[in-house]
Protein chains: 2
Amino acid sequence: MEIRFDLCASLSLRDPQETELGRKIIENSIVLIDSIGFESFTFKKLAVQIGSTEKSIYRYFENKHFLLLFLTSWYWEWVKYLIEINIKNIESAPRKLKIAIQNLVTATAENPGNKYINENLLHRLVVQEGGKAYHIYGVDDENKAGMFLSYKKLVKLVADIILEIDPKFKYSLSLSSNLFEMANNQIFFAEHLPKLSSVASGKKMNTNLIDMLWYFSAKILNQDLSVSK
Amino acid sequence: MEIRFDLCASLSLRDPQETELGRKIIENSIVLIDSIGFESFTFKKLAVQIGSTEKSIYRYFENKHFLLLFLTSWYWEWVKYLIEINIKNIESAPRKLKIAIQNLVTATAENPGNKYINENLLHRLVVQEGGKAYHIYGVDDENKAGMFLSYKKLVKLVADIILEIDPKFKYSLSLSSNLFEMANNQIFFAEHLPKLSSVASGKKMNTNLIDMLWYFSAKILNQDLSVSK
DNA sequence: CTTTTATGATAGTAATACTGTCATAAACAA
DNA sequence: TTGTTTATGACAGTATTACTATCATAAAAG
């Protein structure tokens, strides 16, 4: 089994999912960025790691920013895919929201969906570096070019579940985007700046974070806290 | 009137608030980063703008990362200062929280507190680039060195107000940090990725954002929505 | 069997992110 | 007053980064 997502074409010069070298670039860039950080990451270092050349990587991605955008977009598509398959055939909207929260926090399936993408590592990368994909000077142009569609579709998916729960709720988009942002942020805080978070890192972090996000959402949406047990 | 904050000493090699050149560095770095973005910003460009040299700027800051950290720390101290003077003599804890929200969203005083720091520009800078101050590879070491104390103190201040409202509330730190993160994030989304936010950019953005943050907080804390009118 | 396409090898350039040295002017101390 | 720190500027230099260009070759496609 090999999951492929159709990401915005302008993210890459050539689709890296289609070639051996392309997949090597994806696989190893995740490992390398995770291990040395996005700022120290260069195409030169990646080229050395995969036994290729800088130039060959530049044939796939204009620069490292677009590579990061590709990786985060792939991640959001993956989370959307997980949520969609897991809420299938579920009737209750609050239940769907709880499932969405579970999936956006853990972002892992029982069976990995892909041979060359380590979803756990990618999740950690998005927690650490994800915001840099859009906190950039050219955000408006890139948005016009459709480069943030994956994230927008995902936020819309959850916002629609929220509207199913309460069609009159005024803040569905903000609550939805905040769930994604807050989930990643609180994981980052728990692991690096624990004074900024009420959830502690460790074995029970994900469970506690899911409980908290559900608590916040249920309160805001006037839902019974136990409804989705 | 000239506000000075005692920021963590290791943020800078020399306190820029004390010298003419130092204040020029602060003043112009805010303008320059805001206009070209943090990635394109270099000490060379800043040196040219202020008629100094790269080397002289390096005598104040190790590199541009620490300059950004200095600016964001100054900003968080400034917001903390605003909140503190505005909740003085207020009895009602929910009222205090509402005032805190108003201040963290607008982050401006009637009278600017400083001649060489443009607080409005700095606010915009923190919205755009603030997260990059701690989403870095060396976050743990810098945290040990006390470099995020300003933000942690601010989050604690608001978390304590939350505990005043409900001493049994389990998520005071996360609710507090999320208020700060969400405020900046939703401003960024409203202005650049409007599909991700329920608040629209424009004249009423701040008011709507304050209402939303208060709505979320009040719901989560079981407070009357109108209590702090 | 030819032609396209992808990659690798190699080279080169401007800018970035620094570090080092020295001269000088201003501030401060004896 | 003189002597001495201290801050800045002027200038030089280096390794790395972020690219772009050219050419040879091997594999895939027609």
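Chain letters run A, B, ... following the sequence lines, proteins first and then strands; every chain starts at 1.
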message: Can you list everything that forms a side chain to side chain donor-acceptor pair (under 3.5 Å) with A:Lys45? Sequence neighbours excluded, please.
response: none

message: Please classify the nucleic acid contact of A:Phe43 as base, sugar-phosphate, or nothing, using heavy-atom distances under 4.0 Å.
response: nothing

- line: Residues at least two apart in sequence or cross-chain that pass salt bridge (Lys or Arg N to Asp or Glu O under 4.0 Å) with A:Asp15, listed by chain then number, are A:Arg4

- prompt: Run the salt bridge (charged side-chain N to carboxylate O under 4.0 Å, His left out) check on A:Asp140 and A:Lys144 step by step: do they pass?
  reply: CA-CA 6 Å; A:Asp140 296 327; A:Lys144 263 183 208 149; over 6 Å; no

message: Run the salt bridge (Lys or Arg N to Asp or Glu O under 4.0 Å) test against B:Asp34 and tell me which residues pass, sequence neighbours left out.
response: B:Arg124

task: Figure out the CZ/P separation between B:Phe41 and C:dA15, and round it to whole Å.
output: 18 Å

- request: Could I get the full list of salt bridge (Lys or Arg N to Asp or Glu O under 4.0 Å) partners for B:Glu27, not counting sequence neighbours?
  value: none

- request: Write down the distance between CD (A:Glu39) and P (D:dA18), rounded to a whole number of angstrom.
  value: 10 Å

- prompt: Residues in side-chain contact (heavy atoms from CB on, under 4.5 Å) with B:Ala145, at least two apart?
  reply: B:Ser10, B:Met147

- line: With five pairs defining each end axis, the helix from C:dC1-D:dG30 to C:dA30-D:dT1 comes out bent, to 10°, by 20°

- prompt: What pairs meet the ring pair (Phe, Tyr, Trp, His ring centres under 6.0 Å) rule with one or both residues in residues 189-213 of chain A, with sequence neighbours excluded?
  reply: A:Phe188-A:His192, A:Phe189-B:Tyr134

Between the protein and nucleotides 25-30 of chain D, are there any N/O to N/O pairs under 3.5 Å, and if so, what are the atom names and distances?
none

Salt bridge (charged side-chain N to carboxylate O under 4.0 Å, His left out) pairs, two or more places apart, involving residues 49-69 of chain A: none

- request: Calculate the interatomic distance between A:Tyr58 atom OH and D:dT22 atom P; express it in whole Å.
  value: 18 Å

query: If you look only at pairs with a residue in residues 34-57 of chain A, which of them pass as a ring pair (Phe, Tyr, Trp, His ring centres under 6.0 Å), with sequence neighbours excluded?
result: A:Phe43-A:Tyr58

message: Just the rounded figure in Å: distance from C1' of D:dT17 to CG of A:Asn63.
response: 12 Å

- prompt: C:dT19 C1' sits how many Å from B:Leu13 CG, rounded?
  reply: 13 Å

message: Output the rounded distance in Å from CG (A:Asp15) to P (C:dT5).
response: 17 Å

task: List the protein contact pattern of nucleotides 6-12 of chain D with one symbol per nucleotide (5' to 3'): B for base contact, S for sugar-phosphate-only contact, - for none; contact means a heavy-atom distance under 4.0 Å.
output: -SBBB--

- request: Quick one: list whatever passes side-chain contact (heavy atoms from CB on, under 4.5 Å) with A:Lys204, sequence neighbours left out.
  value: A:Asn208

message: Between P on D:dC19 and NE2 on A:His65, what's the gap in Å once rounded to a whole number?
response: 11 Å

query: Should B:Tyr137 and A:Gln128 be marked as a side chain to side chain contact (heavy atoms under 4.5 Å, CB included) after you check the CA-CA gap, both sets of side-chain angles, and the distance that decides it?
result: CA-CA 9 Å; B:Tyr137 188 71; A:Gln128 297 263 346; over 6 Å; no

message: From CZ of A:Arg23 over to P of C:dT7, roughly how many Å is that when rounded to an integer?
response: 10 Å

